[in-house]
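These notes concern the structure reproduced below.
In what follows, chains carry the letters A, B, and so on, assigned in the order in which the sequence lines appear, proteins first and then strands, with residues in each chain numbered from 1.
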Amino acid sequence: MMLTLLQDNLDYLLWGNLAQGQPGGLLLTVGISLAAGVLATLGGLAGGIALTMGSPRLKRSLTVLVQVLRAIPVLMLIFWCYFLLPILFGIDIPGVLTVIAALALINAAYLSQSVQAGIAAIGKGQWMAGAALGMTRWQTLRHIILPPALRHMLPSFINQWITLLKDSSLAYVVGVAEFTFVATQINNREQVYPLQVFGIVAIAYLLLCSGLEWSGRRLAGNSR
Amino acid sequence: MTPPSWLGQGWLAPHYLGWLLHGAAMTAALALCVSLAATLLGILLCAAQDSPLRALYWPAHLFCSLHRNTPLLVQVLLWYFGAGGLLPDVTMQWLNTPHQWALPLGFSLDWPSFEWLAAWLALSLYSASFISAELAAGLNTVARGQKLAARALGMSEWQIFRFIVLPQALRVIRQPLLGQYTAVIKNTSLTMVIGVAELSYTSRQVESETLLAFQAFAVATLLYLLLVIGTQLAGSRQANGAPDA
């Protein structure tokens, strides 16, 4: 029964209406997560470095921004981006892009704190050693502080990527046809097998997240 | 002076603010009930994963990794749509009809709606798996040597836990646990998808009635900030006021 359900809906679950030029389903979930993941990682690195190297004023305003972003639900941020970005820019922005923007922003906020903490965990002596060698603060950061700091941060990056992958399901609330949205469509059509439909979806996310965690661990193991 | 175009026309009428406040109260109530249940279940899960009995360890371990590695939204949908298939029809019918009990002095108590119950269950199970991990991490910070020393002094397992491990672990656990409770507040927002009239749901409702997106989301965001930062402040104040064990 679960098998026929899967067989009947597999294509739709995996790529939505890709043939009609509208990617959806698992493919869109992976796409959203990858795009937002790359942006969040870059933003988190930039934010964390700014929180370390910036002027006191920049640090203060960034800290407030990060605290606010961390204190509101992701869903709320998705609403902000979905309803207000188009009005602000005066153009029609596809829902997918607003969701990517929201996910990138909130995860960058979390990551910038990890990056800041990871840099702070490297002893003061290292900075002094860099200065003693005649390096500038930026050179010290680039060549002495960041390489070991990034290795220490890798586990928190992996956790954040997993959180992001799970949170991409929230695109559902603004009608983006990603995996969870497609699954509820199928559930509404079939009506009778909700446990099976959402069970399949949960297993797929579980495999994705465990896969990400596993490859992250391997990566962390190799970089030691 | 005319307001900028993105602000739309005017400000929210007072009764819409009332809706949002009502939503915030629902969010707070749901978060409180979830936090209580998740903490109790989290303690049990943590104890089971610490148990030498394989029959206790594996189910608890599996429960936690299943709940931690799937989206909360999927879990909420699964319980909301799927519970019907698990429960007998009679029970479902009872749950789907409103019930009310009269209390003395003219008060009455409503049995919560089915959406509310499904939301509470899903959030509690999800949060419990995270809380149990925080508890386990806290207990693990107590050095093994201390337990061995206590045993050498002739203390029983219970005495070791009560007088050596717990006081030290509680101090470490407090902050991450507080983080989990604020996460619960934020996570209640997902229950809007099954129709629980909490803050995100009401903000969306106000937005679609008034078309004042900025105002509706601004008020809701402020209310979330108040709830989350209020919880953080209350928690850390209690931490400062409590005597060190």
- With a 4.5 angstrom heavy-atom cut-off, which part of A/Q67 approaches chain B: side chain, backbone, both or neither? neither
- Specify which of B/L77, B/L66, B/V228 makes the most heavy-atom pairs with chain A at under 4.5 Å. B/L77
- Message: Is A/D167 close to chain B through its backbone or its side chain, or both, or neither, when contacts mean heavy atoms under 4.5 Å?
- Response: neither
- Item | Under 4.5 Å from a heavy atom of chain B, the part of A/V74 involved | neither
- Got a second to check how far B/Y224's OH is from A/L77's CG, nearest 0.5 Å? 12.5 Å
- Message: Rounded at 0.5 Å granularity, tell me how far CG in B/L223 sits from CE in A/M76.
- Response: 9.0 Å
- Fit a plane to each ring of A/F83 and B/F217, take the angle between them on a 0 to 90° scale, and name the class: parallel (under 30°), tilted (30 to 60°) or perpendicular (over 60°). tilted
- Item | Pick from A/P194, A/S169, A/P73 with the largest number of heavy-atom pairs that fall under 4.5 Å of chain B | A/P73
- Could you tell me which residues in residues 68-75 of chain B have at least one non-hydrogen atom under 4.5 Å from a non-hydrogen atom of chain A, sorted by residue number? B/R68, B/N69, B/T70, B/P71, B/L73, B/V74
- Segment of B/A83 engaging chain A (4.5 angstrom heavy-atom cut-off): neither
- Query: More than 12 foreign heavy atoms under 6.0 Å from CZ of B/R54: is that the case here?
  - Reply: yes
- Mind checking which of residues 181-201 of chain B sit less than 4.5 Å from chain A, heavy atom to heavy atom? B/K186, B/S189, B/L190, B/M192, B/V193, B/S200
- Message: As an exercise, state the distance from CG of B/L78 to CD of A/Q196, rounded to the nearest 0.5 Å.
- Response: 9.5 Å
- Message: My understanding is that only residues two or more places apart in sequence, or in another chain, count here; which of them pass salt bridge (Lys or Arg N to Asp or Glu O under 4.0 Å) with B/R204?
- Response: B/E207
- Task: Check whether A/I162 gets within reach of chain B through its side chain, its backbone, both or neither, counting any heavy atom under 4.5 Å.
- Result: side chain
- Examine A/F198 together with B/W79 and report whether their ring centres are nearer than 6.0 Å. no
- Message: With a 6.0 Å cut-off (strictly less than), is the heavy-atom count around CH2 of B/W120, excluding the residue itself, greater than 12?
- Response: no
- For residues 170-184 of chain A against chain B, heavy atoms under 4.5 Å, the residues are A/L170, A/Y172, A/V173, A/T180, A/T184
- Query: Under a 4.5 Å cut-off applied to non-hydrogen side-chain atoms, are B/T221 and A/W80 in contact?
  - Reply: yes
